[in-house]
Number of protein chains: 2
Amino acid sequence: MSIWLAFSPIRPYKYPRGGSLAPAAESHRLAPNDFLSSPKRKPGAVDPESVPKAVVSRLSLYLRELQHLLRDEQATVSSSQLGQLLGFSDAQVRKDLAYFGHFGHPGIGYRCDELVSAIRSILGTDREWTIAMVGAGNLGRALLGYRGFASQGFRIVAAFDEAADRVHQTIEGVEVYPMTRLDEVVRDRAISFGLVAVPAAAAQGVADRLIASGVSGILNFAPVMLNLPSGVSIVSVDLATELERLSFSVANRGGEKPAEPAPEKPL
Amino acid sequence: MSIWLAFSPIRPYKYPRGGSLAPAAESHRLAPNDFLSSPKRKPGAVDPESVPKAVVSRLSLYLRELQHLLRDEQATVSSSQLGQLLGFSDAQVRKDLAYFGHFGHPGIGYRCDELVSAIRSILGTDREWTIAMVGAGNLGRALLGYRGFASQGFRIVAAFDEAADRVHQTIEGVEVYPMTRLDEVVRDRAISFGLVAVPAAAAQGVADRLIASGVSGILNFAPVMLNLPSGVSIVSVDLATELERLSFSVANRGGEKPAEPAPEKPL
DNA sequence: AATTGTGAAGGACTTCACAGCA
DNA sequence: TGCTGTGAAGTCCTTCACAATT
């Protein structure tokens, strides 16, 4: 919806959250005055606002599955195969991919290697992103060592913490700087993303500093709503909320998705 | 790719994922033969299938915000106030709550204390849940100390790991048992939920054992799709996927959800 | 014969707007 | 007057089903 990005423009009171809770955005398909706003989007890229968020998450799953298939030396895969591996319908797989281009070969399916490249390019994981971790407490330290990040091209290059006894340590090969140096280091190393793993009360301040120092996206683990200027992307992960979702479905006696009597897909 | 394994109730090829990616469920509003299936649901509870998943996540946010308001000694709150604090519309707040009952007072708003109780009851966090953590690596250890869980009534009472050097430690007050004792301990202590923080390759096996030992829900942090029998709830958190969502929106030059300039909560 | 890409149909979720209550 | 609860309208997303392609 950010027709106007950059920092100033006041926005009405909607859509502040990066989580998957916000309404689905009035996907302005080619805004009327788009010829003016000079889309600096990379060629071939799609207006991210017009793509359902769930599609992006599924892309991520497709990618992982395709990487497995490649490792198993499978050359092609059909939408129904891929869907079945992940529990989605074949139509959904095709539709998701069709948001971004024509990657398939009728009669054949998708070539795994081609599709991996395509998805990585779409997700932006065909390049390396440099990342700063703010907060080197339990969670921050755990994420510094999380191999799932590194394996997709995300490089955490610096960590920050207030506590004197954590500063100047090297954790998982990443140096921990004092918070006072955040602005300088983020700017000098041209860091792209900040991961925020500090207490809720400190999160907004940290986010503000990160943004002032030039990051273009924030992954927030603190259980608060962050208010950010447009032009900065945010995704929030709230662990307590996830556990509460689980609690809800158990407390209300649901087996999330009670299976129907198996319409036997022979597989 | 291990489609349905173990455990009797064979599941078809749909809805395997606990994340928010699965299609929105054929919300069977009062199944035709529901008089037969003897809903053992607690009185006042709602069919969890008929409630959009996003509503549950928002409930969780409302709860946190209300707890803040209570701490600030605010007695009542209107739907528009609450919405504004979190970035949702007033109508959304009211609709969400109306799924579960009539909690508001026309002309007044919602009494914070009442609403807190109501939501806790809905989410099932009015009781204490006992939880087992499987995997005491970086992530597992971090989650053992995560205060956001304890503060909502979640108690991690045991941890499990394979590595000999981790076993019999006590981390954050939680004893680490060898994996061999998982079944016994989970059964004996009547543990309700399992948190799975093991490598992807091990996750399905762990989940199967947890379920066989009687847990009713699983929160999965491993980057794989788990196949579970119906009757067990699952929620998955995939950290790499979240980062990839961020990467996508930055790579395609979007300001995901531009925030408003803080609707000033005097605070 | 198999499989994609896609308009059209179908659902699910959100927003609107207002009747009704305090 | 202020605010809730809710049918109705609207929007977004998924599923269907089939023409097009190899």
Side-chain angles (χ1 to χ4, degrees), chain A residues 1 12-15 17 20-29 47 49-59 62 75-84 86-112 114-115 118 257 263, chain B residues 13-15 17 20-29 47-59 62 75-84 86-112 114-115 118 257:
Chain A
M1 207 259 169
Y13 79 119
K14 287 187 175 186
Y15 307 142
R17 188 183 180 77
S20 37
L21 305 170
E26 56 274 38
S27 60
H28 72 106
R29 8 196 129 257
D47 177 2
E49 304 286 331
S50 72
V51 177
K53 268 198 284 266
V55 169
V56 178
S57 299
R58 284 193 298 264
L59 239 40
Y62 300 154
T76 69
V77 66
S78 69
S79 56
S80 61
Q81 244 180 85
L82 186 53
Q84 212 157 125
L86 291 161
F88 304 121
S89 72
D90 55 336
Q92 176 123 69
V93 172
R94 291 199 299 278
K95 208 121 275 172
D96 285 350
L97 295 173
Y99 273 98
F100 303 97
H102 295 199
F103 304 120
H105 305 280
I108 308 295
Y110 299 86
R111 290 193 45 193
C112 295
E114 278 176 16
L115 196 48
K257 291 290 152 240
Chain B
Y13 79 119
K14 286 190 175 183
Y15 306 138
R17 189 183 178 78
S20 38
L21 305 169
E26 56 271 38
S27 60
H28 69 106
R29 7 196 129 256
D47 178 1
E49 304 286 331
S50 72
V51 177
K53 269 199 283 269
V55 169
V56 178
S57 299
R58 284 193 299 262
L59 240 39
Y62 300 154
T76 68
V77 66
S78 70
S79 57
S80 62
Q81 244 180 85
L82 186 52
Q84 212 156 124
L86 291 161
F88 304 121
S89 72
D90 55 338
Q92 176 125 70
V93 172
R94 292 198 299 277
K95 251 278 136 102
D96 285 351
L97 296 172
Y99 274 98
F100 303 98
H102 295 199
F103 304 120
H105 305 281
I108 306 295
Y110 300 87
R111 290 195 43 196
C112 296
E114 279 176 17
L115 195 49
K257 286 294 151 239

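Model, not experiment: these values are computed from the prediction. All heavy atoms count here, side chains included; hydrogens, waters and symmetry mates do not. Here is the naming used below: chain letters follow the sequence lines, and residue numbers restart at 1 for every chain.
- Per the geometry, CD belonging to Q92(B) stands 15 Å off C1' belonging to dG5(D), to the nearest Å.
- Atom CG of L82(B) and atom P of dC3(D) are 13 Å apart (whole Å).
- Between D90(A) atom CG and dA2(C) atom P the separation is 14 Å, expressed in whole Å.
- The phosphate of dT14(D) has OP1 or OP2 within less than 4.0 Å of a side-chain N or O from R58(A).
- Each of P106(B) and A91(B) was matched to the nucleotide of DNA chain C holding its nearest heavy atom; the match closer to the 5' end belongs to A91(B).
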Report task. Dump the intermediate steps for side-chain contact (heavy atoms from CB on, under 4.5 Å) on V56(A) and Y99(A), then the final yes or no. Result -> CA-CA 10 Å; V56(A) 178; Y99(A) 273 98; over 6 Å; no

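- Rounded to an integer number of Å, the gap from L97(A) CG to dT4(C) P is 10 Å.
- Minimum atom distance to the side chain of A98(B) is reached by dT6(D), of the listed dT6(D), dT14(C), dG5(C).
- Contact annotation: side chain of K95(B) to base of dT15(C), donor-acceptor pair present below 3.5 Å.
- Rounding to the nearest 0.5 angstrom, the gap separating the OG atom in S79(B) from the NZ atom in K95(B) is 12.5 Å.
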Query raised in the report: Checking side-chain contact (heavy atoms from CB on, under 4.5 Å) for the pair D96(B)/V51(B): CA distance, chi angles, key distance, verdict?
Result: CA-CA 9 Å; D96(B) 285 351; V51(B) 177; over 6 Å; no

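- What separates CG of D96(B) from P of dC13(C) is a distance of 11 Å, to the nearest Å.
- In this model, the phosphate group of dG5(C) is not approached by any side-chain N or O of H105(A) to a distance below 4.0 Å at OP1 or OP2.
- Look at NZ on K53(B): it is 13 Å from P on dT14(C), rounded to the nearest Å.
- Position along DNA chain D of the nearest nucleotide to G107(A) versus Y110(B) favours Y110(B) as the more 5'-ward residue.
- Closest approach to the S79(B) side chain among dT6(C), dT21(D), dT4(D) is made by dT4(D) (side chain taken as heavy atoms from C-beta onward).
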Query raised in the report: When you look at L115(A) and Y62(A), which way does the side-chain contact (heavy atoms from CB on, under 4.5 Å) test go after all the steps?
Result: CA-CA 9 Å; L115(A) 196 48; Y62(A) 300 154; over 6 Å; no

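- Distance from the side chain of R94(A) is smallest to dC18(D) among dC18(D), dA17(C), dT14(C).
- The nearest whole Å value for the distance from the OH atom in Y99(A) to the C1' atom in dT6(C) is 12 Å.
- With rounding to whole Å, Q81(A) atom CD is found 8 Å from dT3(C) atom P.
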Report task. Tell me, with the steps shown, if D90(B) and L82(B) meet side-chain contact (heavy atoms from CB on, under 4.5 Å). Result -> CA-CA 8 Å; D90(B) 55 338; L82(B) 186 52; over 6 Å; no

